[in-house]
Enquirer: 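Can you read through this structure? Questions will come right after.
We count residues from 1, following the sequence as given.
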Amino acid sequence: MTTPRRAATALTAVLLLILTVAAPAQAATPATTPPVSGSLGTYNISGVYVAGVSSGGYMATQLHVAYSSRIRGAAVFAAGPYYCSQNTVAQALYGCGDSIYPTNVSALEAYTRTWASYGWVDPVGNLSGDPVYVFHGNNDTAVERSVTDDLVRYYQRFGASVQYDSGSAAGHSWVTPYGTLGCTATASPYLNDCGTDPQNALLRKLLGGVNARNTGALGGTLVRFGQNTFAVNGWANGLSMDANGYAYVPSACAAGQSCRLLVALHGCVQGAGSVGTAFVDRANLNQYADTNNLVVLYPQAGTALSNPNGCWDWWGYLGATNFPIKGGAQLETIMNMVRRLDG
């Protein structure tokens, strides 16, 4: 009989199937700034958006749907629709990574509308017209194309404005000009270089326009802050979250100019405990933040017995059924960070 722990391990193994693909001969090296220990400040934030990859993509959609009155749009790489797992490991394995089980978008829509009527998530009317950017690579062996197709269909049922980038040869990864792996790879640190710049596309979609990224020295500050302060139980490790998170704050935002906030969520085996600041440094978001008055928040998941690969909780591994709605432990912890940043 499969135990919950074995099932969770099998799930993350499926979602992180490793292919042997060579890295580019010379990965582009971004300008970085070392993290400075500090605390999250409050800034003049005019709008909040969320982005994520793999388990971070699932968490991004959970945040967007639960708090659509506050979060104005989402960018999702390599993931499926909201509440895809339906709190069942088997469904997460065979319906949200593989397509052996159907995702059943109609049921997911019904759950969302019912929960909105209860106040468990914000009114679904908020999603109408919201910008959503979705990315799926044709060599993604962890999440099948049909699953991400259903994410697009899910958002469209609520009237969101969806841009779907499905023509890339990418593997299961966050695609970035600063990727350390070749385009088709599915391997740590899940940062692939496909010769494209999806961050320009996603920011144009979310923000309505974007200035060229800073290709020189970064002008902002990377703050390393304690996540215990924001954890709903006061102990981030107890929520399978790391003790520390990161936030990149451009100098203009620190000086009080109007800025927007992007919550950027790494995938499994991509948090600081596994790859250090690789995602924070190479996601190609800090470079755009500098030139677009954009604060970037990088919450960090951690490992636990029920979550050995440091994924975000999108299938209920913490043992609670409220993981995708208001009050969900990780979701609410991240929102506490958002509340601090935007006052």
Side-chain angles (χ1 to χ4, degrees), residues 43-53 56-84 103-136 147-167 197-211 258-265 285 288-289 292-297 314 324-326 328 331 334-335 338-339 341-343:
Y43 303 97
N44 183 14
I45 301 297
S46 62
V48 183
Y49 303 85
V50 65
V53 55
Y58 279 107
M59 177 59 82
T61 303
Q62 289 176 179
L63 285 163
H64 186 203
V65 171
Y67 281 100
S68 58
S69 62
R70 196 162 196 158
I71 296 176
R72 300 184 179 183
V76 180
F77 284 59
Y82 175 77
Y83 197 49
C84 182
T103 55
N104 200 346
V105 176
S106 295
L108 304 181
E109 177 188 0
Y111 279 121
T112 308
R113 293 188 185 278
T114 299
W115 293 348
S117 73
Y118 296 159
W120 294 354
V121 301
D122 280 346
V124 295
N126 295 333
L127 297 171
S128 180
D130 268 9
V132 175
Y133 176 87
V134 176
F135 184 101
H136 186 274
V147 177
T148 305
D149 290 348
D150 282 343
L151 168 64
V152 173
R153 295 187 185 101
Y154 172 86
Y155 266 122
Q156 289 173 337
R157 291 193 177 204
F158 295 101
S161 174
V162 183
Q163 178 180 333
Y164 191 12
D165 184 347
S166 59
D197 184 356
Q199 290 70 51
N200 184 283
L202 75 86
L203 290 171
R204 274 190 287 113
K205 181 62 177 177
L206 297 186
L207 307 182
V210 66
N211 297 320
S258 177
C259 290
R260 285 171 283 195
L261 169 63
L262 179 68
V263 182
L265 298 159
L285 294 173
Y288 278 106
N292 289 276
N293 284 18
L294 184 69
V295 175
V296 186
L297 172 66
W314 62 275
I325 63 175
K326 294 179 180 181
L331 188 153
I334 294 170
M335 286 304 300
V338 170
R339 294 178 184 113
L341 286 164
D342 76 356

Enquirer: Tell me the closest heavy-atom pair linking Val263 and Val48, and the distance in Å.
Expert: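 Heavy atoms only, the tightest pair is CG2-CG1, 4.5 Å.
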
Enquirer: What residues form a ring-ring contact (aromatic ring centres under 6.0 Å, His included) with Tyr155, not counting sequence neighbours?
Expert: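 Tyr155: ring-ring contact (aromatic ring centres under 6.0 Å, His included) contacts with His64.
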
Enquirer: What's the shortest heavy-atom distance between Gly52 and Ala60, and which atoms?
Expert: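 Nearest heavy atoms, Gly52 then Ala60: N-CB, 4.0 Å.
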
Enquirer: Taking atom types as modelled, is there a side-chain donor on Thr103 or Tyr154 under 3.5 Å from an acceptor on the other?
Expert: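 Their side chains do not contain a donor-acceptor pair, so the 3.5 Å distance test is not met.
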
Enquirer: Provide the closest heavy-atom pair for Ala264 versus Val296 in the form atom of the first, atom of the second, distance.
Expert: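 Answer, listing the atom of Ala264 first, then Val296: CB-CG1, 4.0 Å.
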
Enquirer: Roughly how far apart are Leu294 CG and Leu261 CG, rounded to 0.5 Å?
Expert: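 Leu294 CG to Leu261 CG: 7.5 Å, rounded to 0.5 Å.
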
Enquirer: Indicate the atoms forming the closest heavy-atom contact of Ile325 with Leu331, along with that distance.
Expert: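 For Ile325 and Leu331, the tightest heavy-atom pair comes out as O-CD1, 3.9 Å.
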
Enquirer: Got a second to check how far Arg339's CZ is from Tyr67's OH, nearest 0.5 Å?
Expert: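 OH of Tyr67 is found 4.5 Å from CZ of Arg339.
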
Enquirer: Holding to salt bridge (charged side-chain N to carboxylate O under 4.0 Å, His left out), I want the full list of residues that pass it with Asp122, two or more places apart in sequence or in another chain.
Expert: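 For Asp122 the salt bridge (charged side-chain N to carboxylate O under 4.0 Å, His left out) partners, ignoring immediate neighbours, are Lys326.
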
Enquirer: Using a 3.5 Å distance criterion without hydrogens, assess whether the side chain of Arg153 forms a donor-acceptor pair with backbone atoms of Val105.
Expert: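 Checked: no pair found.
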
Enquirer: Going from CG on Asn200 to NZ on Lys205, what distance comes out if it is rounded to the nearest 0.5 angstrom?
Expert: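 Atom-to-atom, Asn200:CG and Lys205:NZ are 14.0 Å apart.
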
Enquirer: Less than 4.5 Å apart, any side-chain heavy atom of Thr148 and any of Tyr164?
Expert: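 A side-chain contact exists here, since the closest heavy-atom pair is under 4.5 Å.
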
Enquirer: Identify which one of Asp165, Leu202, Asp149, Val162 satisfies the side chain to side chain contact (heavy atoms under 4.5 Å, CB included) criterion when paired with Val134.
Expert: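 Answer to the side chain to side chain contact (heavy atoms under 4.5 Å, CB included) test with Val134 among Asp165, Leu202, Asp149, Val162: Val162.
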
Enquirer: Atom OH in Tyr133, atom CD in Gln199: separation rounded to 0.5 Å?
Expert: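 Between Tyr133 OH and Gln199 CD, I get 8.0 Å after rounding to 0.5 Å.
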
Enquirer: For the pair Leu265 and Leu63, evaluate side-chain contact (heavy atoms from CB on, under 4.5 Å) and give the outcome as yes or no after the intermediate values.
Expert: CA-CA 11 Å; Leu265 298 159; Leu63 285 163; 3.8 Å; yes

Enquirer: Can you find a pair of side-chain heavy atoms, one from Cys259 and one from Tyr43, that are under 4.5 Å apart?
Expert: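 No, every pair of side-chain atoms sits at 4.5 Å or beyond.
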
Enquirer: Passes side-chain contact (heavy atoms from CB on, under 4.5 Å), Asp130 versus Phe158? Steps please.
Expert: CA-CA 9 Å; Asp130 268 9; Phe158 295 101; over 6 Å; no

Enquirer: Got a list of side-chain donor-acceptor pairs under 3.5 Å for residues 71-84, not counting sequence neighbours?
Expert:
| residue | atom | partner | partner atom | Å |
| --- | --- | --- | --- | --- |
| Arg72 | NH1 | Ser46 | O | 3.2 |
| Arg72 | NH2 | Ser46 | O | 2.9 |
| Tyr82 | OH | Pro324 | O | 2.8 |

Enquirer: Report the distance from atom OH of Tyr49 to atom CG of Leu207, rounding to the nearest 0.5 Å.
Expert: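 Rounded to the nearest 0.5 Å, the OH-CG separation comes out at 5.5 Å.
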
Enquirer: Would a 4.5 Å heavy-atom cut-off, applied to side chains only, mark Gln163 and Pro131 as touching?
Expert: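 Of all side-chain heavy-atom pairs linking Pro131 with Gln163, none is under 4.5 Å.
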
Enquirer: Going through the distances and angles, do Leu262 and Leu206 end up as a side-chain contact (heavy atoms from CB on, under 4.5 Å)?
Expert: CA-CA 10 Å; Leu262 179 68; Leu206 297 186; 4.2 Å; yes

Enquirer: For Ile45 and Leu341, which heavy atoms make the closest approach, and how far apart are they?
Expert: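 So the two residues come closest at CG1-O, 3.6 Å.
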
Enquirer: Looking only at heavy atoms, what is the nearest atom pair of Ala116 and Val124, with distance?
Expert: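 Here Ala116 and Val124 meet closest at CB-CG1, 3.9 Å.
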
Enquirer: Just by modelled atom types, is the Asn211 backbone N or O under 3.5 Å from a matching donor or acceptor in the Asn292 side chain?
Expert: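 Yes; judged by distance alone, with no hydrogens or angles, the pair exists.
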
Enquirer: Between Arg157 and Thr112, does the side-chain contact (heavy atoms from CB on, under 4.5 Å) criterion hold? Intermediate values first, please.
Expert: CA-CA 11 Å; Arg157 291 193 177 204; Thr112 308; over 6 Å; no

